[in-house]
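Throughout, protein chains are lettered first and strands after them, A, B, ... in sequence-line order, and every chain is numbered starting at 1. Since this is a predicted model, take the numbers as computed values, not measurements. Below, all heavy atoms of this structure are taken into account, side chains as well, without hydrogens, waters or symmetry copies.
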Amino acid sequence: MSCFAVHSIRPLNWPSVHRRCTYVRGKGMNDYNPATIEEKWQEKWTKSGAFESDVDQSKPKFYCLEMFPYPSGKMHMGHVRNYSIGDSMARYRRLAGFNVLYPMGYDSFGMPAENAAKKIGGHPHNVTWSNIESIRSDLKRMGFSYDWRRELATSDSTYYRWNQWIFLKFHEMGLVERRTAPVNWCDSCDTVLANEQVKNNRCWRCADEVRQKDMAQWFLKMTEYADELLDELENIEFPENVKAMQRNWIGRSHGADIHFPIVGGHDVIKAFTTRPDTIFGVTFVTLAPEHPLCEQLVSGTEFESQYRDLADECAKMSEFDRINMLRDKKGVFLGRYATNPLTGDEVPIYAGNFVVASYGTGAVMAVPGHDQRDHDFAKKYDIPIVQVLSEEEGKDPKQTGRAFEGLGWMVNSGLDGFDGLHGNDAKAAVIKTLESKSMGTGTIQYRLKDWLLSRQRFWGTPIPFIHCEKCGVIPTPIADLPVELPLDVVFTEGQSGNPLASHEGFVNTTCPNCNSAAKRETDTMDTFYDSSWYFLRFSDAMNDSAPFDKINADYWMNGGVDLYIGGIEHAVMHLLYARFFTKALRDAGLNDVSEPFSRLVCQGMVNAPTPFCADCNVEHHVELEGAPCPSCGKSLGTRSAKMSKSLGNTVSPEIMIEKYGADTVRLFILFGANPEAGMDWSDSAIESNFRQIRNVHSALIQGIETQSNSGLMDEWLLARSRASWNNWSQSMADVSLRDGVMISHFEMVSDWQWAQRRGGVSQTTAREYLNTWIPMLYPATPHLAEEMWSSLGNQTMLCQTVLEMEHTISDNQQDSRVLGQEEYLRRVIDRARSVRELAERHTQGPLSAVIIQTAHDWKKDLASQAIRMHQDNFDFKEGGNKFLQTQQCFQNEETKGDVMQFWRAIVVGQKKRRGRIHTWGEQEITLVSNDFDEVQFIASNANFISEALGIENVEVYQAGKGEDVAGKARSSLPLEPGIAWR
RNA sequence: GCAGGGGUUCCCGAGUGGUCAAAGGGGGCGGACUCAAGAUCCGCUGUCAAGCGCUUCGCAGGUUCGAAUCCUGCCCCCUGCACCA
């Protein structure tokens, strides 16, 4: 069963160090003690096998996946956040009856292990495995609900043999290519890099400058999937910015390759353009200095030396110079002319430093009338500027001194059939004519390049090929896989080159074709290859006869991984490669699915306060806190910055778990911000989450211990819990975890406490409430939830429980009424408080009573009629007044004005406030239409009100039936009584 | 320059046309409990003349009976790509 057949240094289930908990101790015998309960439930979960899932066609599946970690040592807060999100979702979905696949593994090949090995004189294998053990025990301590049977490590030959197997498959399909090409070389990493791994001409890993080098390298032809990779972005749920980055990276542009024959020669310049409609405005052609034609055209001519100057300058250009160069566009005339294929005009050929050799054809047709860059260039070198597009139909182009770059109507073409065409029609017409003359073709250009995946490094999957002098480069036979990395290699500091290349035992082999002596390929694969299909391997991780079985893959991957969580830093590289792999493997017949991830959530960063100099705009190491800025001397402020070793502002998850327990850390992480937002670490915030957990805990204990036979708040609390459950479930399903946690860990406590203050609940109700509440606590704080669930007397663990995710509310009206009444009470108290200060100012001596005057009967009557009429779509503007005149209350001349005013407030509204019939919610409408007796309700709750307001007497009567204190009778409305103090 | 995302009250952060002076949390202030501290609980936390008052959701306009929310322009911040033809 173990995935680690080869290296059996797998540790016990538990971290070797069992730490003592150091939390603050509370009082009483029902202390919240996370250390004890967390360990206890983790063991029970493991024993129960509840997180081990297998294909079950009868259940809906949910594949929840986190970007697996590179095992660099300890787990950090970013990991904690990533996996806390995933674990909550996995647990929530299990609770909802899904068959959940939730696996974990390690992306364990890569340079850091190799470098670490050099430092200590060991082998990367050992470094990697001890790191894996460390991170695994951290993961277990957090209580994440992985199916550990499926654990995998990419550096294990039981995994990477399938890398090799797939590579050979791709080779069969013609997707693998070995070719010599200019590649990105990083001196400090001693290897080539993929295009995706070069940022601003620097290595993504070490930030050293990258240089171009011609080398024979292995490529995967990702460009064959460019269109599908781009088009299918529309059908998957990725964040907008990730989609934008991928679109940008693939960079598809439609246009044409146009042939410009060189005057007095046989060569043709092929120029790619997205604007064939401007062809009649071409006044010169520009080549990249690296373009092979440049050399040919100038060699031996008077133009050679100035060309060489330009080419040399470009060749040794550093990143810094390139930025400067933006302001300095340079070009040199190459002494020759090319023919415009449609007009026959001869235009000069230039080499320009701004033309990129690797994009398009490395040649540009220049249209200074309609491209600002060409325009600037033409002015500088005194080349004619011709306008061939008009901004307005049927008019001559405007003379603006700038290039008009938009789409327009063709003019000045000089040929029949073009003038007057616009935009895409114009482009199509030009392409058609070019094609008919064989002078060009409509083409699509991509920015995306094939994936260069060979690396001159040791700690990666060996590329399974053999170099034979007679037979050439031939694949290793499938039966000989895996080609394993040797373990008898010593790494030392200062060592350079690839140790594989000098390992005799590895390199020397025989040719499978002709049996003569041959050498193994010593390049290894980019580690992004490993992570491009691990999600498929997880679907069938223990398979030792194939990468994965189709039935397993198709079941779990159907529609893609349902929720994939990870950092935005993989927006282009990993996510693009993985999408490509899934499609390529589909075409190899291994699976049916085309897109690996149906929903991607990029979790935000975990930030922490860091010293910051506002003047220099620089963040400093936390050591400098309180010190002056090292560069400008001013005193440093503070700013939130991503947790990093270099700033020293990291917080150790281990220490936090030790101090507060895993549940508190999880709650803090989930409550701190919704998954996609950035969040700030704060010591006081985690403290307060710990307090909150203890509040939850003591409310639960109180609930369990409740023994009363009757409760005043039974109806209300249960109505609340039904509504909360549904809201919670909806938030969880939407991955709005912060909202979900707010309901489960905050609002549910407040409701419980409110019910206690308002008179308490019966034992039956308390238990029913807890039965609803505790499962809500489970996804975010599973240990606490299990503990309380069992205290409640449940025999089945929550991890094995399935619940209905929508609570049916049988009597909606009744719930509305009960909830509405309570809400009404809260509002009355709030309003009373807000007028209290005023009253104090107007009254001598201490206040002794609050006087509440509810609305007159005629107001209630009108209001409930208005609601009914509104529900029947009555046109109040049209018939409102007429209706009013039929009403008895309107007949009394004294109150007529009040009635008018009230009517307005109810149906139309005044100022910025809409009429109450529009703003009342379901609860209010229920109360008003069912003639809720406010006087009776307040009277029966007078004790509570007097306690809440700290006042002796509460007097309540309907307006008109008692003294009109402070003239509040007039302004009373249904549900908004007039409130005064005395 | 292009693309994507933002700017909400002391702070974080919810909020896509009226129920919004704006959830929730943090912080601050006050009160209860306590010898005291901590913990816990209750309240306050734009403004004033206390009202269906006034002002506030980056700035300036606009649409609307009504705008934090919709439209236009501008400013600023973050992220990615970038001499891409």
Side-chain angles (χ1 to χ4, degrees), chain A residues 24-27 199-200 239-249 251 253 255 271-275 278 285-286 288 322-323 325-330 352-356 358-367 370-374 376-377 405 445-447 568-569 571-572 602 607 640 671-674 676-680 682 684-685 687-689 691-692 694-695 698 736 738-739 741-743 746-747 750 753 756-757 829-830 833-839 841-842 877 901 904-905 908-921 923-924 947-950 971 973 976:
Chain A
V24 193
R25 298 251 152 212
K27 295 180 239 170
K199 312 263 162 190
N200 288 327
E240 270 318 307
N241 55 341
V242 174
K243 286 192 188 186
M245 279 187 248
Q246 294 217 351
R247 272 187 216 113
N248 207 320
W249 189 264
S253 42
F272 174 74
T273 180
T274 55
R275 296 298 302 275
T278 62
V285 171
T286 320
R322 286 176 71 187
I323 290 167
M325 192 180 55
L326 280 168
R327 286 174 222 120
D328 183 26
K329 290 189 182 49
K330 271 203 246 172
N353 61 358
F354 58 92
V355 179
V356 182
S358 61
Y359 183 76
T361 55
V364 183
M365 66 174 217
V367 185
H370 302 284
D371 181 286
Q372 192 56 40
R373 201 181 33 217
D374 294 344
D376 298 341
F377 193 91
E405 296 188 316
Q445 268 296 327
Y446 300 92
R447 197 177 159 280
I568 186 75
E569 67 273 18
V572 175
C602 290
N607 302 311
S640 192
F671 184 64
N674 260 327
E676 311 205 290
M679 70 181 290
D680 290 330
S682 138
S684 62
E687 284 281 351
S688 90
N689 280 284
R691 285 202 300 271
Q692 188 64 24
R694 300 222 317 250
N695 287 345
S698 57
S736 298
R738 185 175 191 279
D739 299 348
V741 161
M742 172 122 77
I743 296 168
F746 289 80
E747 289 176 8
S750 314
Q753 287 168 345
Q756 294 305 306
R757 285 178 60 205
I829 294 173
D830 278 355
R833 279 195 183 112
S834 69
V835 292
R836 177 181 209 143
E837 200 184 325
L838 169 71
R841 236 175 287 170
H842 290 273
K877 261 188 197 156
Q901 203 181 353
R904 243 189 104 69
V908 184
Q910 322 94 320
K911 301 264 169 118
K912 280 165 74 172
R913 194 155 184 195
R914 273 182 113 190
R916 300 295 196 277
I917 52 170
H918 303 286
T919 61
W920 276 330
Q923 294 171 9
E924 283 96 343
E947 194 183 301
L949 295 174
S971 60
L973 297 175
E976 296 170 51

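- A straight line from CZ of R916(A) to P of rG66(B) spans 19 Å, rounded to a whole angstrom.
- Across the C1' atoms, rC10(B) and rG27(B) are found 8 Å apart, a figure rounded to whole Å.
- A gap of 28 Å separates the C1' atoms of rG25(B) and rC76(B), to the nearest Å.
- In terms of phosphate contacts, R373(A) brings a side-chain nitrogen or oxygen within less than 4.0 Å of OP1 or OP2 of rC84(B).
- Separating the CE atom of M742(A) from the P atom of rC12(B) is a distance of 17 Å, rounded to the nearest angstrom.
- Comparing D739(A) and T274(A) against RNA chain B, the residue whose closest nucleotide sits nearer the 5' end is D739(A).
- Base pairing of rU16(B) is not made with any nucleotide, judged by Watson-Crick or G-U wobble geometry with both donor-acceptor distances under 3.5 Å.
- Comparing the C1' positions of rG4(B) and rC54(B) gives a spacing of 40 Å, expressed to the nearest Å.
- Between L973(A) atom CG and rC52(B) atom C1' the separation is 9 Å, expressed in whole Å.
- Nucleotides rC77(B) and rC84(B) place their P atoms 24 Å apart, quoted to the nearest Å.
- Across rG28(B) and rC12(B), the matching C1' atoms stand 15 Å from one another, rounded to whole Å.
- Note on E924(A) versus R916(A): no salt bridge recorded, every NZ/NE/NH1/NH2 to OD/OE distance being 4.0 Å or above.
- Within 4.0 Å of N248(A), counting heavy atoms only, lies at least one base atom of the nucleic acid.
- Checked against rA85(B), rG80(B), rC41(B), the side chain of N695(A) finds its nearest nucleotide in rC41(B).
- Set against rG26(B), rC81(B), rG80(B), the side chain of R447(A) has rC81(B) as its closest nucleotide.
- In this structure, rU40(B) and rA32(B) make a Watson-Crick or G-U wobble pair, each of the two defining distances being under 3.5 angstrom.
- Between rA67(B) and rC20(B), the distance separating the two C1' atoms is 11 Å to the nearest Å.
- The side chain of M245(A) has rG80(B) as its nearest neighbour among rA85(B), rG80(B), rG26(B).
- Side-chain atoms of R738(A) lie closest to rA23(B) of the nucleotides rA23(B), rA85(B), rG26(B).
- Pairing for rG51(B) is with rC48(B), a Watson-Crick or G-U wobble pair whose two hydrogen-bonding atom distances lie under 3.5 Å.
- Taking side-chain N and O atoms only, N241(A) has no distance below 4.0 Å to OP1 or OP2 of rC81(B).
- Residues forming a side chain to side chain contact (heavy atoms under 4.5 Å, CB included) with I829(A) (at least two apart in sequence, or on another chain): L825(A), R833(A), F944(A), I945(A), A948(A), L949(A).
- Contact annotation: R691(A) side-chain N/O to rU40(B) OP1/OP2 distance is under 4.0 Å.
- In this entry the distance linking CD of Q692(A) with P of rG25(B) reads 8 Å, nearest Å.
- Side-chain contact check for F354(A) versus V364(A): every heavy-atom pair is 4.5 Å or farther apart.
- Pairing for rA3(B) goes to rU79(B), judged as Watson-Crick or G-U wobble with the two contacts each under 3.5 Å.
- Distance, I917(A) CD1 to rU19(B) C1': 13 Å, rounded to whole Å.
- Between Q246(A) atom CD and N241(A) atom CG the span is 11.0 Å, to the nearest 0.5 Å.
- Across all strands shown, rC57(B) has no partner, as no Watson-Crick or G-U wobble contact with both distances under 3.5 Å is found.
- Expressed to the nearest 0.5 Å, how far CZ of R275(A) lies from OG of S253(A) amounts to 12.5 Å.
- Counting to the nearest Å, the P atom of rG24(B) and the CG atom of N689(A) are 16 Å from each other.
- Regarding E747(A), its CD atom lies at a distance of 12 Å from the C1' atom of rA14(B), rounded to whole Å.
- Taking the six-membered ring where the residue is Trp, F272(A) and Y359(A) present perpendicular rings, their angle passing 60° and hence far from 30°.
- Of the C1' atoms belonging to rG26(B) and rG18(B), the separation is 31 Å, rounded to the nearest Å.
- What separates CZ of F354(A) from C1' of rA85(B) is a distance of 9 Å, to the nearest Å.
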(request) Test side-chain contact (heavy atoms from CB on, under 4.5 Å) on T278(A) and M365(A) and set out the steps. (result) CA-CA 10 Å; T278(A) 62; M365(A) 66 174 217; 3.6 Å; yes

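- Heavy atoms of V355(A) sit under 4.0 angstrom from at least one base atom.
- Comparing the same atom, P, in rA14(B) and in rC81(B) gives a spacing of 26 Å after rounding to whole Å.
- Among rC84(B), rC42(B), rG13(B), the nucleotide with an atom closest to any side-chain atom of Y359(A) is rC84(B).
- Scanning for ring pair (Phe, Tyr, Trp, His ring centres under 6.0 Å) contacts around Y446(A) gives an empty result, with sequence neighbours left out.
- The residue among E240(A) and I568(A) whose nearest nucleotide of RNA chain B lies closer to the 5′ end is E240(A).
- Across all strands shown, rA67(B) forms no Watson-Crick or G-U wobble pair with both distances under 3.5 Å.
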